[in-house]
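Working notes, beginning with the structure itself.
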Amino acid sequence: MAEAREIVLGGAADHDLTKLAEYEAVGGYTQLARARAMEPAAVIDAVLASNLRGRGGAFFQTGRKWSFIPKPDQNPNPHYLVVNADESEPGSFKDNEILQRVPHRFIEGCLITAHAVESQHVFIYVRGEYLEAYEIVVAALEELRERPELRGDVTIVVHRGAGAYICGEETALIESLEGKRGQPRSKPPFPAISGLYASPTVVNNVETMATIPPIFQLGPEEYAKLGVENSAGTRVVSLSGHVERGGNYEIEQGVTIRELIYDLAGGVPGGRKLKAVIPGGSSTVVLTGDEIDVSYDFDSLLQLKTAMGSAGVIVMDERVCMVQLGIRVSEFYEHESCGKCTPCREGTRWMTQILRKLEAGEASARELDLLLSVCDRINGKCLCPLGETAATAVASYVAKFRDEYVAHLDGGCPFGDDSPLDHVMAPVAQHHHSPAAVEVPVG
Amino acid sequence: MSAQPELVTVTIDDRSVQVPKGTGLVETAAAAGIEIPVFCYEPRLGAAVGACRMCLCEVEGMPPKPQAACTLTAQDGMVVKTAQTSPMAAEAQEATLEFILVNHPLDCPVCDKGGECPLQDLTFRYGPGSSRMQFPKRTFEKPIPISPAISLDRERCILCYRCTRFSEGVSEDGQLVAENRGSQTLITTFEDEPYTGAFTGNVTELCPVGALLPTQSRFLIRPWELQAVPSVCGMCPVGCNVSVETREGKVRRIHSRNHPEVDEGWLCDKGRFVYSHIYARDRIVDPMQRAHRRGFGAVSWDEALDEAERLIRAAGTRIVTALSGSETIEQAFALAQLLRRGVGAHSAVLPEEFDESLAAYRLPLSAIADAQAVVVLGDEPVVERAPIVDLWIRQARRNGARILDAADKLDGLDRIVLIDSGDGGERIGRLAAKLGLAGKDGSGAFYLPETANGRGVVDAWAAASDDEPVDPEPIGLLIVSGDEAAANPDVRALAEHAEAVLAITMFQGVVVGWADLVLPGTSYLERDGTYVNLEGRLQRLRRSVIPPAPDELAWISKLAERFGVGISPHPAVVFEELSAKCYGGISYADIGEQARLPARSGVTAPSTTARKAKADNSGGLRLVRYRPLFSGPAVERVPEIQFQRPAAEVELSAKDARKLGIANGDEVVVGSNGSSRELRARLSRTLRPGTVRIAEEHAEGLQPQVEVSKSNA
Amino acid sequence: MTLADEIQKVAAQYPETRSAVLPALRMAQERHGWLSTEALREVADALDVTPAYCKSVASFYDMFHLQPIGRHVVEVCTNVSCALVGAQQVLEAFEEELDTRAGENSPDGTATLKTIECLGGCGWATIVAVDGHYRRYVKPEDVPGIVEELRNG
Ligand SMILES: Cc1cc2nc3c(=O)[nH]c(=O)nc-3n(C[C@H](O)[C@H](O)[C@H](O)COP(=O)(O)O)c2cc1C
Ligand code: SF4
Ligand code: FES
């Protein structure tokens, strides 16, 4: 029986860790003092030794990322730490809970990181919709105001987003923080060399930050022993969809998806059959009900050509139509495409159009091929991963549920409104800001 | 300035090529004779953005997916494969084109861009043969005017963001922007406001499809039928290099002809759109004479030349000649010879006074972009006088230069550029001497003359004779050369005292009622000849269309004969003679299509003849009246650019405004003893406290010192 | 404090004032309810950017209202996780109660009803944000009560 292993969320069940006093009572901010007593390079080495990889989705080694920041004598510009709290990946809501329940642990992680990369300026980019989380973090920072010894010479500015998924992509986030439309930049240069205000910048995820204090508390080597090879430590996994007890569960990496669903989240309601699982947020390749014995870690999921992404596990039971899923996911990316690069901007819209025709039972086999071809033509051609993941995700639904797609060709959807995703009104389909561009629905 | 750049070897499609390290891959391929197709890439707009994905290529050693070549630079040993040799790149480029065409209306037969459209061309070369798109395309209301001069067809737009990058990062006007996100994105201005500013027309040339088009030539051109004449713009002292494009003997369009040292391929809207003034309804095509009791009427050329001869002989040395500064140097030299050598009439109202000592600090305009400090003196807004210089200054600022309004805090800087619009350049001449800029690479000084070729005209007038002019009293004959001189109130004042007036102008409206004899003038688009720009660069005007009347040089030559002065009707011959005197004997061939800047001359003392600003200490605010870019007889005759003319505004410094309790947009009264005007206040962050600025046409009747107060109404 | 002063204060937190565009737009929206032409101009003046720039930025983000809105804003998440457990039915209940359609204002001006992409509360579906505050586990049968509350508030 798999169990939770709470490190990031540790203590939050028994204490109100949003309060500075209670956080300190469980040893909070002592790791900050320890880290500050170390040379920045030694802090980076410790994090390298912990094998921590970023929790934002790209799974990049955190210590290595920090080590790319030029030393002050190589680049006189100020260094910035930008924390990515823009969590908007469908299926993911872990950062939301981390910010609301352990804000001080998160802030302590930010301050340790700022020390490691020799930065005095931290910007926390909080997703605009996360009002509660924002208020809790601001309140926590307010408490720190009275504690100069904790704050040190670091200023922390909480910057609220305004509703755009793409701003979770680190360079789009930086553009947005600079007051612009949040469109990704072409890389290189990478943020570590030229990021915010063209200065060296580290961008890290909320959970990554909140994992830093426990790493120092356990000791990097101990931390590295948690989880499995290449996927050390714990992850806060968001479970949603057709499960009895949706929510966030912090586990050691290496638990299987089946255990996540059945042991922790209570299984599929109503005794229904599990049909499909999106393992890491809607950007990841879908798994069939037969593939859920895979261990939830980077390498194992890679073998199935999918990923942990932002650890948002979406569970679907037998009633769900995979074409409808395709439409809804495609609509999401069409709506969230920033519009900068051609394949994503035009391709996601085209994908939705074809999928709608399929759902209506008006498409031919050639159009099913066309859908795959369009996905293929988006994939690998875009400026950032948004468009690419839209294409790979949708293509995976066709690949893994091909019979179901083919069944739609004559006679339309075999599920109809038995499927909970039938005729869902997506934002892209509702009247939008723009009076000029009016979508003509198909089908 | 810097050491020789390191050369690297890059292999593109099995061809190897050597380029300086850091050269863009698109340019590197071009050097190897290979095309990497692009839409969004345009180095003049700043760093590559990699948006359109047209340039996808395969690059060995990089992740195994197509790479946006426009964002990469040449590194030693790089191996690049374009669509010619890489199936991956070919597939990627075809994919991009397919996606672009998914929502493109394919209305090429009725599109003005057809025939010179990169989208058309690249689709032909790299695109899919047929469309697999069977869904409704995105539709928009179209075309919409984004200003009276430019129309926008959003269905044709491929969202390459060239136009918005220009607006944000080159002209820095921030008016043309993208709205919305994703496939709903569209290009727009704020609400219904027209895209206004000195440089808006450049977006019509940047647009790689037929989305942004000039309204002036809508449905009037088929690009392959246009004939392009390489010339220079005659509208301001920058002298941007242009391609004057004609169809069926009419000018239909003016495009830039990038001179990297002068204009970098940008034009101002005046230079781009003003051409249709040559088709103005009141254009003078025949000589006109005021006859006793019969009024003003057309006469034959023989009659007109007879009358001109009579007027000149009657006045003899009592002639005053008012020049516009828009004459070619050949034309001005011919006129000067006729009058100075023919009858000894040396008196002239010259369009400019110019400090020749500045020739020691000569620089190409492009050097401004590399300066560490740019000192801008004078009250005239640079953009109104020499618009492209404003773009160069903006580029300098983006490159990190300090832009100063006084010559201080310059210690320790190497590359200093001085720019002045006052004093005929004397002030910066002195300053340049003091700062020792003559010996400094990348440093120099620019005076911004008021007129396009005023410098050349002054040279030419002086070259015709060494005799000192004596101002005649009374004036026997006032010769007014050009519409600008004719529109000049000072010249009109002289005419009041002249016994007779002979005018050479293009437009009736300018001369009716006060000239006795009018000979038809021609435009810079209709003449062959030479201009000297503000850098001191001699550039060739080429006749693009035949004028409706013989050009000035032709009849001046005939008239001169009657006074025993031999002047060739051929500009090249006239130029040779003048060049021997003033320009080191260079020939037309030496000038070529892309003129070089002459070398710096030796350091001389600044002249002291330049006029001094009249000091006035009567209190109040000092009024600076400037001549707006969008003004003058030619501009007045082009309907599409009337919206660009200055609003009835007074510019106030933020400090003065605060003192006077005036907010941006307030209605105010500007008055000086006796007269006053109602204007709208505009606060400026750059104007010096103590001064107010008003466009000439809104400052009529005001004295040099004014009071400003909030309107009571 | 005037809006301009407030904006300037926020702008001082950033090395470059342009960074304050998003907060400034939000503050203007909080004052005026939505970003009218005048509101956009105010922000532009305060930050020395053009109104066109402000609108360009504002229209990129979903949270800015470029059209007048109702007294309240109801946003129903209809992304996959919420939709799997009945978000569409919740939306329809709101449409019914408010007598309007997604994307529009209710005729009585009580609320603007919108669907919204994943709000980051998937495990507590269906999430409905009412004036920015999340309500968890919303079921169609909860909707009349919520609308009643909004009508009175
Ligand atoms: C379309 C897109 C959306 C993203 N959204 C998020 C996000 O919401 N939160 C996040 O932390 N990272 C997100 N990322 C990943 C970030 O670009 C970046 O890799 C991450 O913030 C780095 O932090 P880490 O190294 O701590 O994981 C996103 C990436 C893409 C391409
Ligand atoms: S892939 Fe999509 S989101 Fe990413 S840059 Fe291109 S258009 Fe923007
Ligand atoms: S030319 Fe390279 S992406 Fe547009």
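Chain letters run A, B, ... following the sequence lines, proteins first, then strands; residues in each count from 1. Any value given below was found using the heavy atoms of this structure, including those in side chains, with hydrogens, waters and symmetry copies removed.
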[atom2] on [Y] to [atom1] on [X], rounded to 0.5 Å:
X      : Y      : atom1 : atom2 : answer
C:F60  : A:I166 : CZ    : CD1   : 7.0 Å
C:S81  : A:L239 : OG    : CG    : 10.0 Å
C:I127 : A:N96  : CD1   : CG    : 8.5 Å
A:E87  : C:C118 : CD    : SG    : 8.0 Å

Which answer fits [X], side chain, backbone, both or neither, if we ask what part of it has an atom under 4.5 Å from a heavy atom of chain A?
X      : result
C:A83  : both
C:Y53  : side chain
C:L119 : both

Under 4.5 Å from a heavy atom of chain C, the part of [X] involved:
X      : result
A:V320 : side chain
A:T155 : neither
A:E336 : side chain
A:E97  : side chain
A:L325 : side chain
A:D95  : neither
A:C338 : both
A:S238 : neither
A:Y134 : neither
A:V315 : backbone
A:R127 : side chain

Carefully, step by step, assess C:L22 and A:R160 under the rule side chain to side chain contact (heavy atoms under 4.5 Å, CB included). CA-CA 8 Å; C:L22 251 54; A:R160 298 180 67 194; over 6 Å; no

Is the closest side-chain heavy-atom distance between [X] and [Y] below 4.5 Å?
X      : Y      : result
C:V80  : A:P90  : no
A:E129 : C:M63  : yes
A:H423 : C:Q88  : no
C:E117 : A:Y165 : no

Using a 4.5 angstrom heavy-atom cutoff, name the option from [options] with the most pairs to chain A.
options                    : result
C:R26, C:E75, C:Q13        : C:R26
C:V49, C:V21, C:L84, C:L25 : C:L84
C:P15, C:A129, C:G121      : C:P15

If you count heavy-atom pairs within less than 4.5 Å of chain C, which of A:P269, A:S240, A:A265, A:G161 leads? A:S240

Among A:H242, A:E178, A:R319, A:R181, which residue forms the greatest number of heavy-atom pairs with chain C at distances under 4.5 Å? A:R181

Could you check whether any side-chain N or O of [X] sits under 3.5 Å from a backbone N or O of [Y], counting only pairs where one atom can act as donor and the other as acceptor?
X      : Y      : result
C:R101 : A:Q430 : no
C:T78  : A:V424 : no
C:Y61  : A:G182 : yes

Heavy atoms only: give me the nearest [X]-[Y] pair and the separation to one decimal.
X      : Y      : result
C:C122 : A:S92  : SG-N, 4.0 Å
C:A102 : A:M425 : CB-CG, 4.0 Å
A:A162 : C:F64  : CB-CE1, 3.4 Å

Please determine whether the number of non-hydrogen atoms from other residues, nucleotides or ligands lying under 6.0 Å from atom CD of C:E149 exceeds 12. yes

Over 60° means perpendicular and under 30° means parallel, so classify the ring planes of A:F123 and C:Y14, tilted if in between. parallel

